[in-house]
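Notes for the one structure printed next.
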Amino acid sequence: MSQPSLTSGGCLCGNIRYESPDAPENVHFCHCTMCRKISGGPFAYLAGFKKGRLRFLTGEPAYYASSAKARRGHCPVCGSHLTFEYITPEAKHVYVAGGSLDRPDLAPPIKHVGASTWLSWLHLEDELERGE
Ligand SMILES: [Zn+2]
Ligand SMILES: [Zn+2]
């Protein structure tokens with residue numbers, strides 16, 4: 001296994017490991033109801049890699065078609081949520097669940113999306129843009 005880095009990650013059990021030559025981009029929090037359900041948290045933390053630039057070193061996610069336009073990948077062994085991607089031709093990124101990165105401390109979010117379904121009891125003091 002390569003050294004843990006900003007561009008590597010994997011699931012809880014280690015069945016799936018991934019790596020990219022690039023740093024994650026468009027890192028964000030998503031407050032939509034689907035991300036909430038699949039993550040189990042009040043919002044999801046997602047880090048983007050350009051399609052074709054994220055490589056699975058071991059294992060393969062199992063995919064769930066969360067809509068006609070998107071799929072979400074998880075580890076079939078431990079259940080960790082690992083990926084979110086639009087499968088439309090114009091989609092540019094595969095997002096990994098940010099918590100699966102080896103160094104999430106080096107991947108700060110740049111914005112919030114899905115703000116219309118932000119939970120009213122969730123109070124965050126960051127200055128990040130909050131949009132849809
Ligand atoms: Zn696993
Ligand atoms: Zn979402």
Side-chain angles (χ1 to χ4, degrees):
M1 189 172 95
S2 56
Q3 287 298 311
S5 74
L6 173 61
T7 63
S8 65
C11 65
L12 177 61
C13 76
N15 172 47
I16 295 179
R17 293 286 306 162
Y18 62 78
E19 193 169 63
S20 174
D22 310 320
E25 51 190 38
N26 197 29
V27 181
H28 65 279
F29 293 143
C30 184
H31 298 255
C32 86
T33 55
M34 291 202 295
C35 282
R36 186 143 63 224
K37 281 279 188 191
I38 205 148
S39 72
F43 55 87
Y45 168 39
L46 297 167
F49 292 99
K50 286 190 182 67
K51 287 210 179 210
R53 301 283 286 173
L54 181 72
R55 189 164 68 96
F56 290 98
L57 304 172
T58 64
E60 280 284 342
Y63 289 101
Y64 168 66
S66 54
S67 77
K69 293 185 300 187
R71 67 177 185 172
R72 296 168 187 263
H74 65 274
C75 172
V77 177
C78 70
S80 296
H81 173 215
L82 286 173
T83 65
F84 168 79
E85 65 190 303
Y86 287 106
I87 54 174
T88 53
E90 61 275 16
K92 293 186 174 55
H93 291 97
V94 177
Y95 291 91
V96 300
S100 72
L101 290 166
D102 292 331
R103 295 298 307 272
D105 55 309
L106 300 178
I110 59 167
K111 65 181 177 182
H112 294 270
V113 305
S116 65
T117 44
W118 186 297
L119 292 171
S120 62
W121 48 255
L122 179 68
H123 303 291
L124 300 178
E125 294 181 347
D126 64 64
E127 303 293 319
L128 302 176
E129 172 194 329
R130 301 180 179 196
E132 283 313 304

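Starting from 1, each residue takes its place in the sequence as its number. Side chains are part of it too, since the values below use all heavy atoms of this structure and drop only hydrogens, waters and symmetry mates. Just so you know, ligand 1 is whichever comes first in the structure, and atom 1 is the first atom listed for that ligand.
Under 4.0 Å is where a charged nitrogen must lie from a carboxylate oxygen, and between E85 and R72 no such pair does. Checked for salt-bridge contact, K111 and D126 miss the test: no charged N lies under 4.0 Å from a carboxylate O.
To the nearest 10 degrees, the angle centred on the Zn ion (ligand 1) between SG in C11 and SG in C13 reads 110°. The Zn ion (ligand 1) forms the vertex of an angle spanning SG of C75 and SG of C78; to the nearest 10 degrees it equals 110°.
Aromatic pair H31/H112: ring centres closer than 6.0 Å. Ring centroids of Y95 and H28 are separated by less than 6.0 Å, placing the two rings close together.
For residue C35, an N/O/S atom approaches the Zn ion (ligand 2) to within less than 2.8 Å.
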